[in-house]
Amino acid sequence: MSKSTLYDNIKILEVEIVSISGDGYKVKYDFERNLISWNDGYIWNNNFMKFITSSKLEIIKTGLPKTNVIEWVNGYNNGEADKYGYTTANPSTWKVNIKFEDGSSLSGTATQNFPKDWNKLKTLIEDTTECSFRLR
């Protein structure tokens, strides 16, 4: 399966970033229902759910393969954190859950180690939610 086909077959993408205190953000892209859900762990009334507009969907469809999120989640799961990420002094945690159209899923997480392509995913999230995806 080609890289673009693999990314085109994502049904749900959930990305979370959490500080040591448990505060953070979670975004969920539901491509089947065409929705973005946002959960703000800092400000309780900043949670929302909205439709993915055609312009935002285009940003996601062209930008998501460039984040290499599937590759680095697989890499972390295979014990290759040094190849795909870097150690940080910040004790925050990232989590990614991906569900594919065929029913399969892929999940990964790490603490104090962030993927080298994290900023690509972070920028994509910020561009499509219009919210900051940076811990305070």
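Since the model is a prediction, treat every value here as computed from it, not as a measurement. When reading the values below, keep in mind they use all heavy atoms of this one structure, side chains included, and skip hydrogens, waters and symmetry mates.
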Participant: Can you tell me which residue among I12, V15, L6, I70 is in a side-chain contact (heavy atoms from CB on, under 4.5 Å) with I98?
Facilitator: I70
Participant: Consider only side-chain N and O atoms of Y25 and S132, and report whether a donor and an acceptor are under 3.5 Å apart.
Facilitator: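 No, no side-chain donor-acceptor contact under 3.5 Å.
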Participant: Taking all non-hydrogen atoms of both residues, which atom of I17 and which atom of W118 are closest, and how far apart?
Facilitator: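 Nearest heavy atoms, I17 then W118: CD1-CZ2, 3.9 Å.
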Participant: Check the side chains of T67 and D117 for a donor-acceptor pair under 3.5 angstrom, ignoring hydrogens and angles.
Facilitator: no
Participant: Between OG1 of T87 and CZ of F114, what distance do you get to the nearest 0.5 Å?
Facilitator: 11.5 Å
Participant: Begin from the C-alpha positions of L106 and N77 and carry the test side chain to side chain contact (heavy atoms under 4.5 Å, CB included) through to its verdict.
Facilitator: CA-CA 9 Å; L106 176 65; N77 289 341; 3.6 Å; yes
Participant: Would you name the heavy atoms of N45 and I43 that are closest together and state the gap between them?
Facilitator: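 Looking at all heavy atoms of both residues, the shortest contact is OD1-CG2, 2.9 Å.
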Participant: For E80, does the CD atom have more than 12 heavy-atom neighbours from other residues, nucleotides or ligands under 6.0 Å away?
Facilitator: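 Check passes, neighbour count above 12.
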Participant: Hey, is NZ on K95 packed in by over 12 heavy atoms from elsewhere, all under 6.0 Å?
Facilitator: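 No, the 6.0 Å shell around NZ holds no more than 12 heavy atoms from other groups.
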Participant: With a 6.0 Å cut-off (strictly less than), is the heavy-atom count around NZ of K66, excluding the residue itself, greater than 12?
Facilitator: no
Participant: Step by step, would you call L64 with L13 a side chain to side chain contact (heavy atoms under 4.5 Å, CB included)?
Facilitator: CA-CA 10 Å; L64 195 55; L13 171 65; 3.8 Å; yes
Participant: Under a 3.5 Å threshold, yes or no: a donor from one side chain and an acceptor from the other, between N90 and T88?
Facilitator: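 There is no such pair between these side chains.
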Participant: Please give the remaining members of the hydrophobic cluster of L35, linking ILVMFWY side chains under 4.5 Å, ordered by chain and number.
Facilitator: M49, F51
Participant: With a 4.5 Å limit on heavy-atom distance, are the side chains of T111 and V18 in contact?
Facilitator: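 When only atoms from C-beta onward are counted, V18 and T111 do not touch, as no gap falls below 4.5 Å.
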Participant: If every non-hydrogen atom of C131 is compared with every non-hydrogen atom of W38, which pair is closest and at what distance?
Facilitator: CB-CZ2, 3.5 Å
Participant: If we ignore hydrogens and angles and just use 3.5 Å, is the side chain of S104 paired with the main-chain N or O of F100 as donor and acceptor?
Facilitator: no
Participant: Please name all residues satisfying side chain to side chain donor-acceptor pair (under 3.5 Å) with E71, sequence neighbours left out, ordered by chain then number.
Facilitator: Y7
Participant: Roughly how far, to the nearest 0.5 Å, is the CD atom of E14 from the NZ atom of K28?
Facilitator: 5.0 Å
Participant: Work out which heavy atom in Y29 is nearest to a heavy atom in I52; give both atom names and the distance.
Facilitator: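 Nearest heavy atoms, Y29 then I52: CD2-CD1, 4.4 Å.
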Participant: Are the side chain of N47 and the backbone of D40 linked by a donor-acceptor contact shorter than 3.5 Å?
Facilitator: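 Looks like yes, one N/O pair under 3.5 Å.
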Participant: Tell me whether K61 at atom NZ has more than 12 heavy atoms from other residues, nucleotides or ligands lying less than 6.0 Å away.
Facilitator: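 Enclosed.
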Participant: Knowing that exactly one of V96, N78, N97, T109 qualifies, which makes a side-chain contact (heavy atoms from CB on, under 4.5 Å) with V73?
Facilitator: V96
Participant: Distance check, rounded to the nearest 0.5 Å: I125 atom CD1 versus K120 atom NZ?
Facilitator: 14.5 Å
Participant: Measure across S92 and S19 and return the closest heavy-atom pair with its distance rounded to 0.1 Å.
Facilitator: CB-CA, 4.3 Å
Participant: Please determine if E130 and K56 form a salt bridge, counting it only when a charged side-chain N lies under 4.0 Å from a carboxylate O.
Facilitator: yes
Participant: Rounded to the nearest 0.5 Å, what separation is found between the OG1 atom of T53 and the CD1 atom of I59?
Facilitator: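 Answer rounded to 0.5 Å: 7.0 Å.
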Participant: Drop me the distance from F133's CZ to E126's CD, to the nearest 0.5 angstrom.
Facilitator: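 Spacing of CZ (F133) from CD (E126) equals 8.5 Å.
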Participant: Using 0.5 Å steps for rounding, measure from the CG atom of N74 to the CG atom of N68.
Facilitator: 11.5 Å
Participant: Check whether N9 reaches the backbone of T5 with its side chain - one donor and one acceptor, N or O, closer than 3.5 Å.
Facilitator: yes
Participant: If you define the side chain from C-beta out and look only at heavy atoms, does anything of I60 sit under 4.5 Å from F31?
Facilitator: yes
Participant: Going by the ring-ring contact (aromatic ring centres under 6.0 Å, His included) test, which pairs reach into residues 59-78, not counting sequence neighbours?
Facilitator: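 Non-adjacent pairs meeting ring-ring contact (aromatic ring centres under 6.0 Å, His included): W72-W94, Y76-W94.
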Participant: Looking at side-chain heavy atoms only, is the closest gap between K116 and Y84 below 4.5 Å?
Facilitator: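 The answer is no; the side chains never approach within 4.5 Å.
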